[in-house]
Amino acid sequence: MNPSAETPVGERRRGLQRAVVDWYRRESRELPWRAPERTPWQVLVSEIMLQQTPVARVLPVWRRWLERWPEPSDLADASPADVVRAWGRLGYPRRALRLHAAAQSIRDEHGGRVPDDHAALLALPGIGAYTAAAVAVFAFGQRHTVVDTNIRRVEARLVSGRALPSRSLTAAETRLAEELLPDDVAESVAWNQAVMELGALVCTARSPRCDECPVQDECAWVAAGRPPAEKTPRGQAWKGTDRQVRGAIMAVLRAAEEPVPRPLLLADVVSAEQLAAQHPSPPDVVVEHLTKLWHLPAPAEQRERALAGLLADGLAAQDDGAVSLPA
DNA sequence: CAAGCGTGGTA
DNA sequence: TTACCAAGCTT
C-alpha cells in the first residue's frame, strides 16, 4: 500500500480511529464483562441485560446470575419461574425468558457452547442485529459492524452534524458505520468498543461533555454550533398504560411463593378489601405489591388485558383460577 | 415501520 | 414533579 495513494477521507478516518481508541485506553470503565478472563457466555448475558438497561443496574444482577448459572446448560436446566425471579427488577422480563430459551438452544443445538458464528447468534431468541454483532466482536474478537444507540449518536454528531440520530435505524447509518470500521480485525474490535464507550461517557444524549471529547475538533455537530435536535423524541408512555399494570402484576408474582387467586390480581382498590377477606392472607411482601396494584387507576378491562398479555407471553401461568410465575 | 414492552435514576 | 433516557427485540 502506497501511503501517497491514501485518500483524504481515509486519512481522516484513521485519525478519528486513533484518537478515539487512545481515549478509550485512558478513560474506559473496567467492567467485568470486559475482563480478560471473560467467557462468551458472560458476554452474552451482559449484552441481553444491557438492552435498554443502564450498566449500574445490570452489574449486581449479572454477578449473581453467573454465580448461579455459570454455563448456558445451567440456565437451560432452570425453571422459568426461577429465571424470572432472578431477573428481578431489571425490566422487560421477557428478556429473561428469551435468554432462558437461548440457553436451551445453546445446550441442545450447539453442544453447550455459545456459537461464534454471527448467523447462528442471530438465530437465537432475543438476539437481534446489535447483540449478535456485539457477541461476535466482544466475545470472539471478530470484525463486524456494531450499531447501538451510542454509536448511532456519536456518528450522527461527528459525521452528519446532527444532534440525534433518527428514530429508527436507517440504511444510511449502517453504511456509515461500515465505512468507519477499521479494516484490521483487532483495530475494528477496539473501534467498536471505543465509540460505544465514548457515547456512553462523553457524547451522551442529554448533556454531552464536548470539552472532554477526543475528537471535538473533528466533530461536524460542534462545528455547526451544536444545533438542537430537529424533532424531539417521543417519550415512552407509562402512566395509565398496560405496561404499568403488567409491571405491577409481575411484582406481585415475583414476591408470591404461592399461586395468587386471579380475582385478587384483578381487583381494584374498591373491591379489594372484601375480596381479600375471602382468601387466605398472603405474606406481607405480597400484600405490599398487591396494594400497589389495586391502587392503580386502571379500569377492570385494562387489568384483564394486562394479565391476558402476560399469560400469552409466558410470563405468567394460570392453574385452577390462580396465577403464578411459569413453573 | 411504528408500536409495545419494565424499571428507576436524573435533569 | 414530569419527562426523558438507558449496550434492543419482536411483531
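Here is how names work: the chains are called A, B, and so on, in the same order as the sequence lines, proteins then strands, and each is numbered from 1.
Using atom P as the reference point in both dT1(C) and dG6(B), the two lie 25 Å apart (nearest Å). Remark: the separation of the P atoms in dC9(C) and dG8(B) is 23 Å, to the nearest Å. dC5(B) and dA7(C): their P atoms are spaced 22 Å apart (whole Å). Using atom C1' as the reference point in both dC1(B) and dA6(C), the two lie 22 Å apart (nearest Å).
Here the side chains of P282(A) and V260(A) are not in contact, with every heavy-atom distance at 4.5 Å or above.
The salt bridge (Lys or Arg N to Asp or Glu O under 4.0 Å) pairs that include a residue from residues 186-200 of chain A are R29(A)-E197(A), R34(A)-E197(A), where partners are two or more places apart or lie in different chains. Sorted by first then second residue, the salt bridge (Lys or Arg N to Asp or Glu O under 4.0 Å) pairs that include residues 245-271 of chain A, not counting sequence neighbours, are R246(A)-D313(A), R262(A)-E304(A).
Base-pairing analysis of DNA chain C finds the following stems of at least three consecutive Watson-Crick or G-U pairs, with both pairing distances under 3.5 Å: B:2-5 with C:8-11, B:7-11 with C:2-6.
Follow the hydrophobic side-chain contacts under 4.5 Å out from W221(A) and you never reach V159(A); the two are in separate clusters. Linking ILVMFWY side-chain heavy atoms closer than 4.5 Å, directly or via other members, places L296(A) and L264(A) in a single hydrophobic cluster. The hydrophobic cluster containing L31(A) does not contain V21(A), counting ILVMFWY residues as joined when their side-chain heavy atoms lie under 4.5 angstrom apart, directly or transitively.
Comparing V55(A) and I127(A) by the nucleotide of DNA chain C that holds the closest heavy atom to each, the one mapping nearer the 5' end is V55(A).
For the pair L124(A) CG and dG8(C) C1', the computed distance is 15 Å after rounding to whole Å. Look at CG on L122(A): it is 16 Å from P on dG8(C), rounded to the nearest Å. Rounding to whole angstrom units, CD of residue E47(A) and C1' of dA6(C) are separated by 13 Å. Between N150(A) atom CG and dA6(C) atom C1' the separation is 9 Å, expressed in whole Å. Between the CE atom of M49(A) and the C1' atom of dG8(B) there is a distance of 17 Å, rounded to whole Å. As a whole-Å value, the separation of I48(A) CD1 from dA6(C) P is 19 Å. For L50(A) and dC9(C), the CG to C1' distance is 15 Å, given to the nearest whole Å.
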I'd like a table of donor-acceptor pairs (distance under 3.5 Å, sequence neighbours excluded) in which one partner is a side-chain atom from residues 119-130 of chain A, with atom names and distances.
| residue | atom | partner | partner atom | Å |
| --- | --- | --- | --- | --- |
| Y130(A) | OH | E47(A) | OE1 | 2.8 |

Would you tabulate the side-chain donor-acceptor contacts of residues 61-78 of chain A under 3.5 Å, counting partners in other chains and residues two or more places apart, or write 'none'?
| residue | atom | partner | partner atom | Å |
| --- | --- | --- | --- | --- |
| W62(A) | NE1 | Q42(A) | O | 3.0 |
| D74(A) | OD2 | E71(A) | N | 2.9 |
| D77(A) | OD1 | R107(A) | NH1 | 2.7 |

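Looking at heavy-atom distances under 4.0 Å, L31(A) makes contact with a base. Counting non-hydrogen atoms under 4.0 angstrom, T149(A) reaches the backbone sugars and phosphates but no base. Base contact: W33(A) has a heavy atom under 4.0 Å from a base atom. Here A134(A) lies out of heavy-atom contact (under 4.0 Å) with every strand. Counting any heavy atom pair closer than 4.0 Å across all strands shown, A129(A) reaches sugar-phosphate atoms only and no base atom. Counting any heavy atom pair closer than 4.0 Å across all strands shown, R305(A) reaches no nucleic acid atom.
Side-chain atoms of R206(A) and base atoms of dC4(C) include a donor and an acceptor less than 3.5 Å apart.
Not one side-chain nitrogen or oxygen of T131(A) sits closer than 4.0 Å to the OP1 or OP2 atom of dA7(C).
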Practice item. For side chain to side chain donor-acceptor pair (under 3.5 Å), just list the numbers for D211(A) and Q216(A), CA-CA rounded to whole Å, side-chain angles, deciding distance to a tenth of an Å, and then say yes or no. Key: CA-CA 7 Å; D211(A) 54 326; Q216(A) 55 171 310; over 6 Å; no

Exercise for review: Show the numbers, then the answer: is there a side chain to side chain donor-acceptor pair (under 3.5 Å) between R95(A) and T53(A)?
Suggested key: CA-CA 11 Å; R95(A) 287 183 296 166; T53(A) 307; 2.9 Å; yes

Identify the pairs formed between an N or O of the protein and an N or O of nucleotides 3-7 of chain B at a distance under 3.5 Å, and give each distance.
| residue | atom | partner | partner atom | Å |
| --- | --- | --- | --- | --- |
| dA3(B) | OP2 | R234(A) | NH2 | 3.2 |
| dC5(B) | N3 | Y92(A) | OH | 3.3 |
| dG6(B) | OP2 | R246(A) | NE | 2.5 |
| dG6(B) | OP2 | R246(A) | NH2 | 3.1 |
| dG6(B) | O4' | Y92(A) | N | 2.8 |
| dG6(B) | N7 | Y92(A) | OH | 3.4 |
| dG6(B) | N7 | R243(A) | NH1 | 3.1 |
| dG6(B) | O6 | Y92(A) | OH | 2.9 |
| dG6(B) | N1 | Q52(A) | O | 3.3 |
| dG6(B) | N2 | Q52(A) | O | 3.3 |
| dG6(B) | N2 | T53(A) | OG1 | 3.1 |
| dG6(B) | N2 | L90(A) | O | 3.0 |
| dT7(B) | OP1 | R254(A) | NH1 | 3.2 |
| dT7(B) | OP1 | R254(A) | NH2 | 3.1 |
| dT7(B) | OP2 | G247(A) | O | 3.3 |
| dT7(B) | O2 | R57(A) | NH1 | 3.2 |
| dT7(B) | O2 | R57(A) | NH2 | 3.2 |

